[in-house]
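Here the structure comes first, spelled out in structure tokens, and everything after it is commentary.
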Amino acid sequence: VQNFICSCINKDFINLRHNEVVLKDGVDLNSVSFPKEIQTHYFEIFKALDHKLINILETAAYIGDSFEASIIGDVWKLERLEVLHLLREAEKRGLIEDQNDNDDVYQFKSKIVITQLRDYAISSNNKATKVDAKKIPQIIKEYHKRIIEAYENSIHTDPSNFNYDILCSI
């Protein structure tokens, strides 16, 4: 948090008024880069995860803040129980939490986790294939395609599953 605030101060994004920190109008907080230590911390956590779990989490990061276990299972053609066991490990690591009030829904603990997972997916792919960092790797395109297909299957099974906000976020 301290590094983030220092970065905001360095970019002149905030003002101090009467002992309060006030964000300036029109500031894009997405332009604030995370310190290398944060990326290193999360990348080490991701490297230690089971390969199936990291695939699941990377895919979920492209869905958004929250995601449904059944959609992830459909994307990866995994049994629901296996997906739940894998997600339980991510919960233990403090990356996600089960939204008990919404059956089948999990939420990332923070936007930093999502950002770092997306960066990890891209950097892992770029190292393996030597692609230009500005191009979207094929694996990310495939994640999007399969997520959309999984939602389409879900909607055909039960039309009440249609969630316009989720599809727009992909």
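A side chain to side chain donor-acceptor pair (under 3.5 Å) with R146 holds for exactly one of H144, E149, E142; it is E142. Checked against Y106 for a side-chain contact (heavy atoms from CB on, under 4.5 Å), the options L84, L95, I72 give a single hit: L84.
Residues L49 and R93 form a side-chain contact, since some pair of their non-hydrogen atoms from C-beta on lies under 4.5 Å apart. At a threshold of 4.5 Å between non-hydrogen side-chain atoms, the residues Q99 and E97 count as touching. Looking only at side-chain heavy atoms (C-beta outward), D98 and L87 stay at 4.5 Å or farther from each other. For the pair K24 and D12, the minimum side-chain heavy-atom distance is below 4.5 Å.
Aromatic ring pairs are classed by plane angle as parallel below 30°, tilted from 30° to 60° and perpendicular above 60°; the pair F67 and F108 is tilted.
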Please evaluate residues F43 and D119 with respect to the criterion side chain to side chain contact (heavy atoms under 4.5 Å, CB included), reporting the C-alpha separation (whole Å), side-chain torsions for both, the decisive distance (0.1 Å), and the verdict.
CA-CA 9 Å; F43 279 30; D119 288 350; 4.1 Å; yes
Step by step, work out the salt bridge (charged side-chain N to carboxylate O under 4.0 Å, His left out) result for E44 and K47.
CA-CA 5 Å; E44 290 302 317; K47 286 177 189 172; 3.7 Å; yes
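Here the CZ-CD1 distance, from R118 to I140, works out to 9.5 Å after rounding to the nearest 0.5 Å. Atom CD1 of I96 and atom OG of S66 lie 11.5 Å apart (nearest 0.5 Å). Expressed to the nearest 0.5 Å, how far CG of N55 lies from CD1 of I139 amounts to 7.0 Å. Atom CD of E152 sits about 10.5 Å away from atom CG of D74, to the nearest 0.5 Å. Between I54 atom CD1 and L117 atom CG the span is 5.5 Å, to the nearest 0.5 Å.
A salt bridge is defined here as a Lys NZ or Arg NE, NH1 or NH2 lying under 4.0 Å from an Asp or Glu carboxylate O, and R17 with E20 fails to meet this definition.
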